[in-house]
Amino acid sequence: MTDSSWRERLRALPVFSGQLPTFDTDAAPADPTSLLTEWLGFALDSGVSQPHAMAIATVSSEGAPSTRTLLLKDVTPEGLWFATLSSSPKGRDLVQNPRAALLLYWREQGRQIRVVGDVEPGSRELARIDFLKRHPNARAIAAGGQQSEPLPATDAEYESVVAAARERIDADPDYVPDEWQAYLVRPVEFEFWQAARERDQLRLRYRQDGNGWVRDLLWP
Ligand SMILES: Cc1cc2nc3c(=O)[nH]c(=O)nc-3n(C[C@H](O)[C@H](O)[C@H](O)COP(=O)(O)O)c2cc1C
């Protein structure tokens, strides 16, 4: 397939279809976390697929950006939570550069939420609670802390490493690797984006300003 036929096929795709929710920016709450939970609750109630899957971008000490999908684990007044291995590439980025950008995109509703914030590790107790809720196989795979390392040369080697970890977990169901970590993103900026069929998109940004949040509507 030539480049031009890809161009045609991509151009022909619809972006949004069906009924889109409205977004009354004048009625938006002063606290952006309230708006986030309002939108998240609506996404959940409307059956949006994987509304808790979010992209998270980190930047290495050399300034190299990278992004990947993670699950949103909680939203509290402090911010948004995710969990991963501190020994992973993103975990190492966060030691050097404890900032992240998050993106939630709900295509069924034409909604996007962007969040930028400072990242800090949560307590060991939160990491423990999160890890122990994972499926035993997921725990076994995470137990060695090798996320994103090259796999062993053969399937047999991989399976024996996972089987050994699974045995360890079966013998000690409370085992939590030191590297498993819950992280809190403390937001300093949010942007809520709503697609609209009859008019341009609506964008509402909140930026932290000492005592509270400053709101701006942005040019689409
Ligand atoms: C829908 C979805 C959810 C995911 N959730 C997590 C998660 O909660 N924690 C995690 O460590 N990786 C999760 N992953 C895998 C990450 O995207 C990524 O491959 C992995 O964390 C390694 O990232 P890194 O090499 O940048 O550190 C998920 C992937 C997808 C597609």
Side-chain angles (χ1 to χ4, degrees), residues 33 36-37 39-76 78-153 155 158-159 161-162 165-166 168-169 174-187:
T33 305
L36 186 141
T37 52
W39 278 28
L40 181 61
F42 185 63
L44 282 165
D45 294 344
S46 309
V48 165
S49 175
Q50 296 190 331
H52 59 335
M54 61 182 184
I56 168 166
T58 56
V59 178
S60 74
S61 54
E62 290 84 38
S66 59
T67 184
R68 75 290 287 159
T69 310
L70 295 184
L71 294 181
L72 173 66
K73 293 294 179 88
D74 200 2
V75 184
T76 62
E78 293 76 34
L80 289 78
W81 292 83
F82 65 91
T84 192
L85 285 151
S86 59
S87 52
S88 67
K90 68 184 112 35
R92 295 198 298 270
D93 283 359
L94 289 169
V95 170
Q96 302 294 329
N97 193 356
R99 299 266 288 179
L102 307 176
L103 181 89
L104 291 153
Y105 172 50
W106 302 324
R107 68 201 72 220
E108 298 93 328
Q109 298 183 329
R111 285 185 161 176
Q112 169 180 267
I113 304 176
R114 297 164 69 177
V115 181
V116 178
D118 300 313
V119 184
E120 60 190 63
S123 67
R124 287 315 301 156
E125 180 57 12
L126 279 176
R128 195 185 80 81
I129 291 167
D130 183 82
F131 189 76
L132 296 179
K133 288 214 166 92
R134 290 166 68 87
H135 188 277
N137 287 346
R139 279 187 271 151
I141 288 165
Q146 308 101 319
Q147 190 176 56
S148 304
E149 295 296 322
L151 281 177
D155 286 353
Y158 170 75
E159 277 153 24
V161 173
V162 175
R166 181 70 203 249
R168 177 174 192 179
I169 279 165
D174 289 333
Y175 171 71
V176 180
D178 290 342
E179 296 87 356
W180 192 257
Q181 188 65 66
Y183 289 91
L184 168 65
V185 180
R186 283 188 189 273

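These numbers come from a predicted model, not from an experiment. As the structure lists them, so they are numbered: ligands from 1, and atoms in each ligand from 1.
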Donor-acceptor pairs are to be reported for all side-chain atoms of residues 43-54 against protein atoms at under 3.5 Å, with residues two or more places apart or in another chain.
unit_1, atom_1, unit_2, atom_2, d
Ser46, OG, Phe42, O, 2.6
Ser46, OG, Gln109, NE2, 3.3

Legend entry - Residue shell around ligand 1, heavy atom under 4.0 angstrom: Arg68, Thr69, Leu70, Leu71, Ala83, Thr84, Ser88, Pro89, Lys90, Gln147, Ser148
Inset, instruction - Identify, with sequence neighbours excluded, every residue that meets side-chain hydrogen bond (donor to acceptor under 3.5 Å, both in side chains) alongside Arg99. - result: Asp118
Inset, instruction - Answer with yes or no whether the side chains of Arg68 and Thr58 bring together a donor and an acceptor at under 3.5 Å. - result: yes
Inset, instruction - Indicate whether any N or O donor in one side chain lies under 3.5 Å from an N or O acceptor in the other, for Glu78 and Thr76. - result: yes
Inset, instruction - Flag this pair as yes if the NZ/CZ of Arg111 is under 6.0 angstrom from the six-membered ring centre of Tyr105 and inside a 45 degree cone about the axis; otherwise no. - result: no
Inset, instruction - Can you tell me which residue pairs pass the side chain to side chain donor-acceptor pair (under 3.5 Å) test with a partner in residues 136-147, sequence neighbours excluded? - result: Thr84-Gln147, Lys90-Gln147, Asn137-Arg166
